[in-house]
Amino acid sequence: MTPGSMTAQNCLFCRIVDRQVPSHLIYESDLAVGFTDIKPQAPVHALFVPKRHVHDIQETGPADEASLLELIRAAKKAAKDLGVAESGYRLVINCREDGGQTVDHLHMHLLGGRRMTWPPG
């Protein structure tokens with residue numbers, strides 16, 4: 001799939017935002033939602049997505065700045081709510097296939113609950 005070819009109608013994360021696909025929501029605002037990952041890679045693994053469909057970080061522009069900031073705010077709140085704010089956590093945005101992006105909708109991972117290693121992979 002080429003960047004931008006995904007439409008909101010067939011995007012998994014857009015369908016989660018629209019409540020067409022069940023998920024465990026942990027955050028919602030006018031701009032973003034957060035939910036737990038169905039294939040967690042850490043004891044705490046949540047995803048945060050802008051409500052507006054944006055393929056990846058490369059496709060963002062000035063109109064997306066508020067949504068990007070909201071993803072960080074959401075993750076910060078969730079880290080506290082999920083008990084990893086004090087011990088630490090990792091925020092990750094993958095971009096496109098070589099960057100590890102597997103769903104063609106911009107999203108940020110919150111990973112915590114264990115020691116993170118470096119390099120990540």
Side-chain angles (χ1 to χ4, degrees):
M1 184 172 301
T2 59
S5 66
M6 176 67 68
T7 63
Q9 292 79 25
N10 59 3
C11 171
L12 173 62
F13 289 168
C14 286
R15 291 172 45 222
I16 289 172
V17 167
D18 292 339
R19 307 298 196 277
Q20 296 170 353
V21 172
S23 66
H24 179 234
L25 288 182
I26 59 170
Y27 183 86
E28 183 168 19
S29 70
D30 291 343
L31 298 174
V33 297
F35 47 93
T36 56
D37 195 299
I38 62 170
K39 294 181 182 175
Q41 302 299 305
V44 172
H45 189 172
L47 301 172
F48 301 90
V49 304
K51 285 187 171 179
R52 185 176 85 79
H53 181 83
V54 178
H55 182 272
D56 60 38
I57 196 76
Q58 282 301 120
E59 290 194 359
T60 61
D64 299 298
E65 289 175 3
S67 291
L68 291 170
L69 182 57
E70 185 64 15
L71 296 182
I72 295 169
R73 283 189 189 118
K76 182 179 172 184
K77 180 181 184 322
K80 185 174 181 181
D81 293 347
L82 296 171
V84 296
E86 293 301 318
S87 59
Y89 56 93
R90 178 173 288 165
L91 298 177
V92 177
I93 296 175
N94 298 317
C95 183
R96 301 191 178 163
E97 187 175 353
D98 282 356
Q101 185 176 1
T102 58
V103 177
D104 292 327
H105 184 124
L106 173 65
H107 57 286
M108 182 171 65
H109 297 259
L110 164 67
L111 299 146
R114 67 169 169 81
R115 188 165 210 34
M116 299 291 132
T117 60
W118 196 262

Minimum heavy-atom distance between Pro50 and Leu71, given as atom pair plus value: N-CD2, 3.8 Å
Partners passing side-chain contact (heavy atoms from CB on, under 4.5 Å) against Gln20 (at least two apart in sequence or in another chain): Arg15, Asp18
Please table the atom pairs, donor to acceptor, closer than 3.5 Å between any side-chain atom in residues 83-92 and protein atoms at least two apart or in another chain.
from: Arg90; atom 1: NH1; to: Thr117; atom 2: O; distance (Å): 3.3
from: Arg90; atom 1: NH2; to: Thr117; atom 2: O; distance (Å): 3.0

Ile72 vs Phe48 side-chain heavy atoms within contact, under 4.5 Å: no
Spacing of CD1 belonging to Ile26 relative to CG belonging to Leu82, to within rounding of 0.5 Å: 5.0 Å
Heavy-atom pair of closest approach, residues Ala42 and Gly112: CB-O, 3.5 Å
Any His55 side-chain heavy atom under 4.5 Å of Asp104 side chain: yes
Neighbour count >12 (heavy atoms, 6.0 Å) for atom CD, Glu28: yes
Hphob cluster co-occupancy, Val21 + Val103, side-chain heavy atoms under 4.5 angstrom: yes
Minimum side-chain heavy-atom gap His107-Gln101 below 4.5 Å: yes
Spacing of Gln41 atom CD and Arg114 atom CZ [to the nearest 0.5 Å]: 8.0 Å
Close side-chain approach of His53 to Val17, heavy-atom, < 4.5 Å: no
Side chains of Leu12 and His105 in contact at under 4.5 Å (non-hydrogen atoms): no
Joint cluster assignment, Ile93 & Phe13, ILVMFWY side-chain distance < 4.5 Å: no
Closest heavy-atom pair and its distance - Ala75, Leu110: O-CD2, 4.1 Å
Atom pair CD1 (Ile16) and CD1 (Ile38), whose distance is rounded to the nearest 0.5 Å: 7.5 Å
Heavy-atom check, side chain of Glu59 versus side chain of Leu106, under 4.5 Å: no
Within-4.5 Å side-chain heavy-atom neighbours: Thr102 and Asn94: no
With Leu31, the side chain to side chain contact (heavy atoms under 4.5 Å, CB included) member among Glu70, Arg52, Lys51: Glu70
Interatomic distance, Tyr27 atom OH to Asp81 atom CG [nearest 0.5 angstrom]: 10.5 Å
Connected via hydrophobic side-chain network under 4.5 Å: Met108 and Val54: yes
